Amino acid sequence: MKPKSRPFLAANWKMNKNSRDTLDFIVEFSKLLGKKKVKADIVLCPPFTSLFLKTKTKNKNIQFGAQDLFSENSGAFTGEISPSMIKEFCSYVIIGHSERRNLFSETNTLVNKKVAAAIDNKLIPILCVGEQLHEREEKNTKNIIEHQLNSCLDNVKVSGDDLIIAYEPVWAIGTGNEATNEQIDEVVSFIRDRISQMYSDEISGKIKILYGGSVNLNNIQAIMKIPGIDGALIGGASLNPANFHKMICSVLDNKAS
Ligand code: PGA
């Protein structure tokens, strides 16, 4: 069995918090985390307009990620943000989130280009995959995940540390409908097997797999104990600094102060 890696906890703030709110969060959250090195990767993914606050964040425990990027590095793409712009402030970027796929019609083909562009630019993509409720009910979950992995990673070379996959069942996102630990375990093992086949056992062992979808203070500890899980992508429950901090403490088995 894959040994447990350092927990990776990413906060996906979606379209919440302006830069003032983000700064307030960072100030409070930094105090709660303290200066001592926390034994987890903690990544804030605020809207693009707050990424510059990386330059004002002194606490080394806090890293930054973007919520999306475009696949080209510059040019006539009104409204888009390029990998090199993201790189000024971030090491990570969420790609293919179900809200992008469902509300903004992002296809696996576009997600594939974005993943390739991120890796080319030495950004670590957090590639989101997951089934809709009707697909699960039709017992199509594995087919959907397999198709997403095949198309989103088509012709993408990875070494293992340069890609993170987030399993986010669409029906569990923002709904309070939690996936059971058995459901998560089954899909995460499937993802690891597929990555072994597509790349190698070694690469599959190195890739971090996160779970996302209604992760909260009550369920995070149990989710993190699922064997193939390396971390979580947390939406609503990460918006409050004290709550997010308590979640981190609970993963690290520390008492939140
Ligand atoms: P949620 O969102 O934790 O609010 O369900 C997770 C996500 O969309 O990444």
Side-chain angles (χ1 to χ4, degrees), residues 7-17 21-22 25 29 40-48 50-51 63-69 86 90-106 111 114-115 118 123-133 135-136 141 144-145 148-149 152 163-181 183-184 187-188 191 207-224 226 229-251:
F8 187 99
L9 303 168
N12 175 14
W13 285 357
K14 313 189 180 191
M15 200 175 71
N16 291 294
K17 296 190 193 289
D21 301 332
T22 304
F25 179 106
F29 190 54
D41 284 311
I42 300 166
V43 180
L44 300 184
C45 305
F48 290 133
S50 290
L51 291 177
Q63 304 177 70
F64 281 76
Q67 296 177 18
D68 189 22
L69 86 181
I86 304 281
C90 298
S91 320
Y92 302 93
V93 55
I94 299 171
I95 300 179
H97 189 280
S98 64
E99 285 149 18
R100 303 265 357 134
R101 292 172 186 264
N102 298 329
L103 302 172
F104 303 99
S105 311
E106 279 201 13
V111 172
K114 290 182 173 190
V115 170
L123 282 160
I124 300 182
I126 302 176
L127 167 64
C128 300
V129 296
E131 80 286 3
Q132 314 244 12
L133 183 58
E135 293 163 338
R136 174 162 284 274
T141 300
I144 294 293
I145 303 284
Q148 288 174 337
L149 291 174
C152 298
L163 173 69
I164 296 175
I165 295 175
Y167 168 50
E168 296 209 306
V170 180
W171 48 272
I173 296 177
T175 58
N177 295 332
E178 299 165 19
T180 65
N181 291 354
Q183 287 170 327
I184 300 172
V187 177
V188 166
I191 293 174
I207 282 179
K208 284 190 166 63
I209 303 184
L210 319 180
Y211 169 75
S214 296
V215 178
N216 59 48
L217 187 53
N218 297 325
N219 61 18
I220 193 162
Q221 214 175 32
I223 290 171
M224 290 299 297
I226 298 172
I229 283 286
D230 301 295
L233 184 54
I234 307 159
S238 69
L239 288 166
N240 174 288
N243 195 59
F244 189 36
H245 178 249
K246 278 191 196 148
M247 291 172 81
I248 294 163
C249 293
S250 125
V251 169

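What you are looking at is a predicted structure, and each value in this text was computed from that prediction instead of being measured. Counting starts at 1 for both ligands and their atoms, in listed order.
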K.L.:
Only one of Val251, Leu217, Ile220, Asn240 clears side chain to side chain contact (heavy atoms under 4.5 Å, CB included) with Lys246; which?
P.N.:
Leu217
K.L.:
Between Arg136 (side chain) and Thr141 (backbone), is there a donor-acceptor pair under 3.5 Å?
P.N.:
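It does not hold such a pair.
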K.L.:
List in chain and number order the residues that pass side-chain hydrogen bond (donor to acceptor under 3.5 Å, both in side chains) with Gln63, two or more places apart in sequence or in another chain; answer none if no residue qualifies.
P.N.:
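Gln63 satisfies side-chain hydrogen bond (donor to acceptor under 3.5 Å, both in side chains) with Asp41 only.
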K.L.:
Kindly print each ligand 1 N/O atom paired with any protein N/O atom under 3.5 angstrom away, one pair per line, or none if nothing qualifies.
P.N.:
from     : atom 1 : to     : atom 2 : distance (Å)
ligand 1 : 2 (O)  : Lys14  : NZ     : 3.3
ligand 1 : 3 (O)  : Gly235 : N      : 2.8
ligand 1 : 4 (O)  : Gly236 : N      : 2.9
ligand 1 : 5 (O)  : Gly174 : N      : 2.6
ligand 1 : 5 (O)  : Ser214 : N      : 2.8
ligand 1 : 8 (O)  : Lys14  : NZ     : 2.7
ligand 1 : 8 (O)  : His97  : NE2    : 2.7
ligand 1 : 9 (O)  : Asn12  : ND2    : 3.4
ligand 1 : 9 (O)  : His97  : NE2    : 3.3
ligand 1 : 9 (O)  : Glu168 : OE1    : 3.3
ligand 1 : 9 (O)  : Glu168 : OE2    : 2.7

K.L.:
Can any side-chain N or O of Gln221 pair as donor or acceptor with the backbone N or O of Ser250 at less than 3.5 Å?
P.N.:
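Flag set: sc Gln221 to bb Ser250 pair under 3.5 Å.
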K.L.:
Considering residues at least two apart in sequence or located in another chain, which fulfil the ring pair (Phe, Tyr, Trp, His ring centres under 6.0 Å) criterion with Tyr167?
P.N.:
none
K.L.:
With sequence neighbours left out, what residues match Lys17 under side-chain hydrogen bond (donor to acceptor under 3.5 Å, both in side chains)?
P.N.:
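Partners of Lys17 by the side-chain hydrogen bond (donor to acceptor under 3.5 Å, both in side chains) criterion come out as none, since no residue qualifies.
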